[in-house]
Amino acid sequence: MSERPFAGAAAQGWRSLPASAGEAARLAWRSAPGQLAGVGAATLAGGAVPVAMAWLTKSVLDRIVAPGPSGAVVGLAVGLACAGVVGAILPQLGQYLQGEADRRVGLRAQDELFGALERCAGLRRFEDPAFLDRLRLAQHSAQSPGQITGALLALARDSVTLAGFVVSLALISPLFTAVVLLSAIPALLVELRVSRRRADMMLRIEPAERWQFFYGGLLSSAEAAKEVRLFGLGPFLRGRMNAQLGAANAARRAMDRKELAAQGALTLLAAAVSGGGLIWLLAGAAQGRFTVGDVSIFVAAVAGVQSCLGGSVAATASAHRLLLLFGHYTAIIRSGPDLPEPAAPRALPPLRHGIELRDVWFRYSDDHPWVLRGVSLRVPHGCSVALVGRNGAGKSTLVKLLCRFYDPTRGAILWDGVDIRDVPAAELRARISAAFQDFVAYDFSAADNVAVGDLAAADAPARIEEAARRAGVHDVLAGLPQGYGTLLTRTFAATSAEEDPQAGVMLSGGQWQRVALARAFLRGDRDLMILDEPSAGLDAEAEHDIHTRLRELRRGGTTLLITHRLGAVRDADLIVGLADGRIVEQGDHDSLMEAGGPYARMFALQAAGYAASAPVDLP
Ligand SMILES: Nc1ncnc2c1ncn2[C@@H]1O[C@H](COP(=O)(O)OP(=O)(O)OP(=O)(O)O)[C@@H](O)[C@H]1O
């Protein structure tokens with residue numbers, strides 16, 4: 001499987017138009033069939049009204065100038081007025097139904113898009129810029145099916161009107177009708193070309209839009225506000241954000257200019273054709289070859305044909321552009337799994353013997369260096385294994401492979417002898433609990449922030465409190481203004497006086513770390529517990545407390561602990577030293593100290609740091 005299937009997205013887009021059209025039609029019809037049928041009926045009926053009005057006007061004019069009784073004129077005038085009313089109401093009705101259809105389609109499209117995203121079991125796609133560009137365009141085009149249907153119905157309406165006026169015009173001059181129709185062909189070709197280029201341009205400027213979004217986020221987020229202010233980064237970030245917008249605008253401007261030039265030329269052509277026709281008709285009317293009604297219907301028909309042709313061309317171009325953009329949505333919806341799915345999935349039994357990494361090699365892509373180089377390691381069931389090593393040694397990467405966020409580039413990971421690639425990723429993950437180094441602080445309530453560890457516990461406050469208690473954060477959460485119901489964010493805090501002004505609380509870094517641990521404890525019954533730097537943000541006392549609790553937890557369970565605080569791993573059953581993606585030593589604390597390798601040196605260094613402050617007598 002290609003590692004970057006979304007690279008070259010622009011080129012793929014053009015070939016997938018029929019697939020996009022099918023997907024758009026399916027989505028639109030399944031989301032809002034009644035509304036779309038209503039829009040169709042209103043649109044097609046609306047198309048017949050201008051032609052009916054033109055013929056009614058001609059008849060009225062011809063009756064007025066012709067000698068004879070005027071009774072029929074009144075009837076025709078009433079018909080004309082009714083047609084006017086219907087013509088005025090139908091677009092509004094169609095617009096309302098179209099709006100409702102757009103909302104329904106947008107909802108379903110969004111749901112299907114994010115459903116497809118959830119089917120990406122790994123992390124690679126989220127690190128692929130081409131995929132992220134497509135994803136943003138796909139989100140933009142989630143409303144497209146309704147709009148495409150609208151554009152196609154507008155095309156159908158204009159075609160109905162056009163057919164009526166073409167017949168009317170052909171009755172006066174078939175030759176002139178042919179000239180008017182032929183003059184529309186260049187417009188259609190130009191508009192299609194322009195719409196293709198515009199869709200292409202939108203994909204090209206997408207990275208600039210992502211950068212703008214990123215800079216805007218830094219300038220407006222609470223997390224970045226401290227550094228942005230202290231380091232005075234505001235003008236620098238604004239400058240970069242504006243530069244990205246400037247670059248995107250330059251591309252848009254160039255496109256607009258090309259479009260202006262093309263459309264200006266086409267408008268001149270249309271004006272020349274209709275002007276020439278009018279001169280010819282008036283000359284004929286002066287010679288008595290045409291009636292006043294003929295002049296009226298000719299003027300209405302030429303204007304109608306040209307406006308309908310213009311509308312049809314614009315609607316075609318719009319549907320074409322929307323379909324091209326919708327291609328990004330289709331590509332994501334139809335993209336295969338990012339991790340190969342097992343042809344014959346195997347069940348994953350509860351861990352009985354252990355997990356084995358067998359000669360595992362890994363790099364993040366072909367362009368990246370090797371991060372793991374032939375790692376072979378056994379994590380026996382019921383044992384606590386500690387992974388230690390310098391920054392960048394590959395410890396967290398190894399954990400990501402154990403969770404199957406990526407597959408090893410070479411080698412295999414076996415769970416009681418079963419290759420984890422032969423197991424559905426969700427089934428594997430259901431057997432793992434983890435507190436990641438870069439855990440997420442959700443803008444949820446305290447209870448929900450713990451419950452994300454196991455959503456089945458969302459309605460079981462006792463389980464949530466027990467997990468928080470084990471992580472040593474229960475007292476903090478229970479003491480918040482609304483207890484566990486307190487929002488752990490100011491972003492969505494109450495904004496009106498009626499709401500509780502105290503809602504929304506910020507926790508400290510260490511308190512958050514304990515919340516993340518509580519999540520892991522909530523699913524503490526799983527077969528494997530992974531703890532990646534669980535005490536990095538804690539004060540000395542809290543760290544001691546947490547490691548005592550973790551020691552309890554580790555007893556009897558299978559745990560993999562990553563930490564730089566070597567004092568916390570000395571009682572692990574197995575300590576594994578990683579350097580440059582290779583295992584350089586392993587054993588228990590005593591044997592590694594005896595061996596005098598990197599672990600012993602790091603341990604001695606850390607111990608010396610503490611020893612230097614040992615004379616301080618603590619109460
Ligand atoms: N998503 C990624 N894409 C590309 N390279 C990555 C990615 N994540 C990590 N790396 C690289 O892989 C190497 C190992 O990173 P890893 O996070 O596994 O190290 P670590 O041992 O956990 O370090 P630390 O102790 O600092 O947490 C680093 O050189 C890092 O730059």
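Read the numbers this way: they start at 1 and go in the same order the structure lists the ligands and their atoms.
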Can you tell me the protein heavy atom closest to atom 15 (O) of ligand 1 and the distance? T397 OG1, 3.7 Å
Numbered atoms of ligand 1 (with element) below 4.0 Å of G394, judged on heavy atoms: 14 (C), 18 (O), 19 (O), 20 (P), 21 (O)
Starting from atom 27 (O) of ligand 1, which protein heavy atom do you reach first, and at what distance in Å? Q437 NE2, 3.2 Å
Honestly, is R519 close enough over Y442, meaning NZ or CZ under 6.0 Å from the six-membered ring centre and within 45° of the axis? no
Any non-hydrogen protein atom below 4.0 Å of atom 31 (O) of ligand 1? no
Closest protein heavy atom to atom 17 (O) of ligand 1, given as residue, atom name and distance to 0.1 Å: S396 CB, 3.7 Å
Do the charged groups of R210 and D133 touch, with an N to O distance under 4.0 Å? yes
Which residue and heavy atom of the protein sit nearest atom 5 (N) of ligand 1, plus the separation: Y364 CD1, 3.3 Å
Using a 4.0 Å cutoff against the non-hydrogen atoms of H564, which atoms of ligand 1 qualify? 25 (O)
Would you mind reporting whether L402 and L357 have side-chain heavy atoms less than 4.5 Å apart? yes
Could you tell me whether Y364 and F362 have their ring centroids closer than 6.0 angstrom? yes
I want to check something: taking the side chain as every heavy atom from C-beta on, are L135 and H328 in contact at a cut-off of under 4.5 Å? no
Do the ring planes of H589 and Y599 sit parallel (below 30°), tilted (30 to 60°) or perpendicular (above 60°)? perpendicular
Starting at CG of L137, measure out to CG of L132 and round the result to the nearest 0.5 Å. 11.5 Å
Does at least one non-hydrogen atom of G392 fall below 4.0 angstrom from an atom of ligand 1? yes
Answer side chain, backbone, both or neither: which part of H368 comes under 4.0 Å from ligand 1, heavy atoms only. side chain
E594 CD to D588 CG distance, which is reported to the nearest 0.5 Å: 9.5 Å
Among protein heavy atoms, which lies nearest atom 24 (P) of ligand 1, and at what distance? N391 ND2, 3.7 Å
Any idea which heavy atoms bring I333 and E112 closest together, and the distance? CD1-O, 3.5 Å
Among all protein heavy atoms in this structure, tell me which lies nearest to atom 25 (O) of ligand 1, with the distance rounded to 0.1 Å. K395 NZ, 2.8 Å
Please report which non-hydrogen protein atom sits nearest to atom 1 (N) of ligand 1, along with the residue it belongs to and the distance in Å to one decimal place. E127 OE2, 3.0 Å
Any Lys/Arg nitrogen of D419 or R358 sitting under 4.0 Å from an Asp/Glu carboxylate oxygen of the other? no
Which of the numbered atoms in ligand 1 are under 4.0 angstrom from any heavy atom belonging to K400? 8 (N)
For atom 13 (C) of ligand 1, grab the closest protein heavy atom and report residue, atom and distance to one decimal in Å. V371 CG1, 3.7 Å
E533 heavy atom under 4.0 Å from ligand 1: no
